[in-house]
Number of protein chains: 2
Amino acid sequence: MAEPVGAGLPADVTSMVGVLPAGELEALVGAFRAYEAALMTNDLEALDGSFAPGGATLRGDANGLLVGHERIAAFRGLRGGVAPRRIVELHVRVVAPDAALIVSVSAFDAGGTGLQTQLWQRSPDGTWTIGAAHVTGAPPALNRSVWRVAGAPLVPPAPVPAATGSSAAVSDSGPLAGASGAGSLAAASGAGSLVGASGAGPLVGSFGARPLDGMTVAVKDLFDVAGYAVGAGNPVFLAEAGRASVDADAVAALRAAGAAVQGIAQTDEFAYSIAGRNTHYGTPPNPAVPGAIPGGSSSGPAAAVALGQASIGLATDTAGSIRVPASYQGLWGLRTTHGAVSTRGLLPLAPSFDTVGWLTRDAPTLRAAAAATLPATEGAATALRAGLVAAPELLEGCAPEVADAFRAFVAGLGGAVVEVELGGLDEVFAAFRTVQGAEAWRADGAWVAAHPGAVGADVAERFEVAAAITPGQELDAREVLRQARQRFDAALDGRVLLLPSASSAAPPLDASAETIAAVRAATLRMTAVAGTGGYPALSAPLLHVPAPGGTAPLGLCLVGPRGSDLALIDLASDLA
Amino acid sequence: MAEPVGAGLPADVTSMVGVLPAGELEALVGAFRAYEAALMTNDLEALDGSFAPGGATLRGDANGLLVGHERIAAFRGLRGGVAPRRIVELHVRVVAPDAALIVSVSAFDAGGTGLQTQLWQRSPDGTWTIGAAHVTGAPPALNRSVWRVAGAPLVPPAPVPAATGSSAAVSDSGPLAGASGAGSLAAASGAGSLVGASGAGPLVGSFGARPLDGMTVAVKDLFDVAGYAVGAGNPVFLAEAGRASVDADAVAALRAAGAAVQGIAQTDEFAYSIAGRNTHYGTPPNPAVPGAIPGGSSSGPAAAVALGQASIGLATDTAGSIRVPASYQGLWGLRTTHGAVSTRGLLPLAPSFDTVGWLTRDAPTLRAAAAATLPATEGAATALRAGLVAAPELLEGCAPEVADAFRAFVAGLGGAVVEVELGGLDEVFAAFRTVQGAEAWRADGAWVAAHPGAVGADVAERFEVAAAITPGQELDAREVLRQARQRFDAALDGRVLLLPSASSAAPPLDASAETIAAVRAATLRMTAVAGTGGYPALSAPLLHVPAPGGTAPLGLCLVGPRGSDLALIDLASDLA
């Protein structure tokens with residue numbers, strides 16, 4: 001390749017290789033400048049026009065690759081403009097008479113630099129448009145939509161008991177040293193890899209190794225971490241909260257097993273949503289489906305794990321807050337048996353349904369986190385009665401492609417799945433919502449009422465409805481749930497219920513409020529079964545549905561009898 | 001542009017537009033696969049061969065753009081391999097019979113995805129090589145070479161006194177909401193922009209606005225932040241340290257003026273280095289010179305500011321720890337008059353020389369930070385006697401291009417600069433090092449001795465030398481410095497001494513230990529003048545020297561009489 005040539009170039013061209021037909025360099029650089037100007041004014045029409053039409057156009061950044069003009073335009077409509085910047089380097093590489101790569105470096109007014117690579121192509125009508133673009137912005141100190149606070153790590157593992165030597169400080173600087181060091185048991189080599197994919201029990205204490213050595217945890221901002229306040233996704237609540245003096249039990253269990261706390265991760269406000277959006281800190285990315293919502297309320301821990309920024313998301317699930325983000329992002333997620341894991345140090349939402357659980361990228365890591373936390377009696381894993389069941393009525397509110405994917409999976413099991421009837425799901429869902437609302441109001445209502453305007457609109461509306469629930473309504477609803485639990489126990493009879501983890505794949509970021517509300521209601525109707533029964537529910541990333549540009553993940557949900565938490569993970573590992 | 005075509009493609013090609021000559025698609029994809037395989041084994045020879053030779057080849061990522069095969073190969077030699085990953089999408093866009101863009105998405109074994117865009121070109125001998133590449137890796141939760149801990153923000157500004165309303169919580173979620181929101185006064189619009197570039201005094205309290213509203217601070221890990229321990233760049237020291245109960249005075253002053261603490265940023269161990277490297281947490285990037293060291297010891301605050309991740313770096317300068325990273329990274333940096341800013345809550349290195357100061361991207365922000373912190377008597381700014389001076393003997397150890405750049409700048413001032421003689425610089429440097437070493441050993445020696453192997457090799461060696469300094473040697477050195485201070489006071493006579501901030505631009509990451517040591521000695525000989533005199537010293541990014549691929553920044557250092565801190569900033573703003 002020739003050396004860069006500089007003579008006679010426009011002043012803003014840093015280097016150029018190759019030659020374009022007469023006048024075309026000026027036309028190309030003019031198109032580049034016009035695009036940059038449109039970015040600065042967020043002129044969506046001009047920006048759309050700068051990109052080549054059709055389904056093959058590419059645009060990617062740290063949040064993923066978008067394929068096709070339509071998806072790129074949709075992304076741009078939601079982005080809300082680019083931070084002010086100026087171009088400080090502009091390199092032109094001519095590839096053909098009608099094609100050139102432009103690589104440019106930008107300097108942001110607010111500091112930091114960006115890098116843009118664009119393939120420009122001239123159409124027959126003489127217009128230069130972008131056929132592919134790769135953008136790197138100036139990275140923030142941390143992604144505040146994912147993390148409220150993060151460290152290197154934030155809190156080291158608990159010290160190893162004296163007999164096995166090595167101090168906490170060594171763990172601090174040891175296995176966590178790599179920039180992308182948020183390991184998992186399936187991927188790991190070296191420290192922490194003593195638990196095989198077969199799901200063998202962790203070897204606590206042997207050779208000084210602990211089952212979660214080298215692992216990092218993203219703690220949902222509902223759990224106490226010693227020295228930190230709980231923010232519950234709301235900065236006003238955070239500012240008024242006191243610092244915890246000791247770790248929540250669920251945090252302490254992971255640290256005792258060798259994991260470090262990478263940071264405290266964001267949640268939908270007071271965990272009272274399954275969308276994964278937060279007015280104050282922004283919506284975390286969904287790395288599995290660029291341009292889609294992440295699911296919540298454990299949005300921060302889920303995104304942190306999916307991004308490889310933590311090995312384990314420590315989260316909660318009241319009405320789907322672990323299962324939904326796991327489903328939307330292709331993660332493993334376990335809602336534990338109600339009452340099986342201590343909630344000491346956890347901010348409650350609705351104690352009748354609140355459970356602790358974890359999100360991971362693979363089953364062995366999930367099993368290790370669960371085994372490190374569940375009491376030994378649970379660790380023994382209630383044996384599962386042979387038999388899988390499904391309830392067709394659970395699919396009624398699902399998107400057709402979700403029902404199709406689920407039915408195809410069940411069909412693939414070759415008749416092993418027996419149909420059962422749960423009955424009254426709409427009534428159960430309504431009752432669940434009523435009891436959840438009444439308890440949420442008791443937990444947070446006084447604070448919400450005392451801080452008008454402090455809570456985001458969707459969650460505030462939910463609290464408003466909750467505030468109006470009467471004691472009589474709550475009592476009636478509890479009776480509905482009591483009867484449903486007996487009915488479900490009888491129908492499931494110790495077997496494992498299979499269903500999709502959510503009513504749809506992750507909706508796009510630009511979905512209407514009506515769509516989000518409809519998807520939410522349909523999903524909660526499904527997730528309420530485990531909540532009502534106090535059952536453990538595992539979301540395993542075993543399904544896929546068609547999506548723009550390929551497929552999107554969908555969780556297969558396994559609901560087992562109370563106490564079968566670990567056995568569910570083993571069963572799903574076998575199914576995978 | 002046509003829609004993607006899938007029929008008859010290799011199985012790993014997700015989409016393709018355009019047609020290549022017979023056999024060439026297989027050759028291209030084969031070259032892509034071979035490159036990916038070489039990445040996984042870090043086969044440097046194969047990787048170098050995959051990139052087109054010559055000075056026009058491009059490779060960029062979040063740390064900047066490298067131009068030319070040679071610089072790319074040097075980068076690769078230092079990188080130490082790419083994290084294990086697999087390609088999950090591969091899009092081919094044929095641009096010409098001998099050129100194609102490949103955009104690929106990778107999934108890392110440790111979680112997260114990456115994006116690669118490569119322009120492949122076929123040379124006349126039929127070989128496909130990469131002419132330009134743009135890489136986005138999976139971002140970590142935070143860059144632990146820059147930050148020990150960071151938040152959204154970590155600590156909000158101090159509450160506004162009651163009379164002016166608005167609570168800390170509002171500040172928390174208000175002006176800091178943007179992902180790239182680390183503003184500066186020069187770039188800002190809206191909150192915090194009441195201090196103009198003219199250097200007008202801050203309007204404290206007017207309209208409820210504070211001079212640093214909307215600003216964020218990267219606090220060097222030597223200052224107390226309430227609730228956090230000081231780590232001093234060493235994880236073992238951190239693990240043993242207790243949490244501070246109140247902010248250091250210098251932290252409190254910035255928070256009282258409206259700034260939030262973005263996080264605690266890394267330092268060379270115990271601040272006893274000017275290179276900016278840390279064995280435990282890694283070397284922060286130098287955004288101004290990709291592939292170069294950042295300078296230290298205030299490496300983390302400097303990189304955070306240069307990256308746009310904080311508005312202000314709160315730092316210390318004992319022997320150049322603010323001036324050197326400012327010079328290497330094109331930042332403004334002020335070492336204050338010795339004793340002018342309280343060091344309460346600061347871990348000492350050598351109290352006879354330790355000073356507090358700040359790093360910023362522009363002069364108005366630096367002035368606002370300084371004015372918010374310096375006592376009112378200092379804020380009045382000692383008037384500067386008309387007159388600039390330079391001492392040719394200070395250039396003796398400088399790189400030729402540094403001396404050239406400095407002389408050219410001085411020449412541009414048209415005879416305004418008078419030559420003075422300081423005298424005995426080598427002797428002063430030796431004495432400075434002796435006193436600094438003796439005090440550093442008193443500050444940290446007991447800890448270092450009690451923790452063999454806990455400190456990185458270069459800093460450990462420095463402490464070893466320091467441990468051998470006798471009381472007699474220290475006394476003699478103090479007398480040398482006392483006499484030098486009288487001599488310097490007389491020679492400068494209230495005027496401002498100009499000199500380069502460092503003996504060279506930022507050395508490359510792969511510089512030998514000998515080169516680093518030589519550059520260090522030459523720089524310390526220059527920085528010791530301010531340390532010896534207790535003078536304030538400002539590094540302003542007003543010089544440039546030739547560097548591979550363009551120019552590299554170099555600081556112009558202004559050393560003024562004691563108490564002239566703010567006046568120096570105003571003077572440099574005029575010179576700029």
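Atom set for the values below is all heavy atoms of this structure, side chains included, hydrogens, waters and symmetry mates excluded. Sequence lines set the chain letters: A, B, ... in the order given, protein chains first and strands last, and positions in each chain run from 1.
When every heavy atom of A:V94 is checked against every heavy atom of B:Q121, the shortest pair comes out as O-NE2, 4.5 Å. Between A:A150 and B:L142, the shortest heavy-atom distance links the atoms O-CD1, 3.5 Å. Across all their heavy atoms, B:Y281 and A:A152 have their closest contact at CE2-O, 3.9 Å.
Atoms CG and CD, on A:L65 and B:E89 in that order, are 5.5 Å from each other to the nearest 0.5 Å. Atom CZ in A:R93 sits 4.0 Å away from atom CG in B:L58 (nearest 0.5 Å).
Heavy atoms of A:Q116 lying under 4.5 Å from chain B belong exclusively to its backbone. Heavy atoms of B:V135 lying under 4.5 Å from chain A belong exclusively to its backbone. At a 4.5 Å heavy-atom cutoff, the contact between B:A306 and chain A is made by backbone atoms alone. Contacts between A:H134 and chain B at a heavy-atom distance below 4.5 Å involve backbone atoms as well as side-chain atoms. Only the side chain of B:Y228 comes within contact range of chain A, with heavy atoms under 4.5 Å apart. Both the backbone and the side chain of B:V95 come within contact range of chain A, each with at least one heavy atom under 4.5 Å from a heavy atom of that chain. For chain B, the nearby part of A:A226 is the backbone; its heavy atoms alone come within less than 4.5 Å.
Counting heavy-atom pairs closer than 4.5 Å to chain A, the top residue among B:D61, B:V149, B:T129, B:L154 is B:V149. Between chain A and the residues B:I264, B:L101, B:V305, B:T113, the largest count of heavy-atom pairs under 4.5 Å involves B:L101. Each of B:L115, B:N63, B:V105 has some count of heavy-atom pairs under 4.5 Å with chain A, and the biggest count is that of B:L115. When A:G227, A:A133, A:P287, A:A96 are compared by the number of non-hydrogen pairs under 4.5 Å with chain B, A:G227 comes out ahead.
At distances below 3.5 Å, at least one donor-acceptor pair connects side-chain atoms of B:R361 with backbone N or O atoms of A:A110.
For A:R86, the CZ atom is loosely surrounded, since the number of other residues' heavy atoms within 6.0 Å does not exceed 12.
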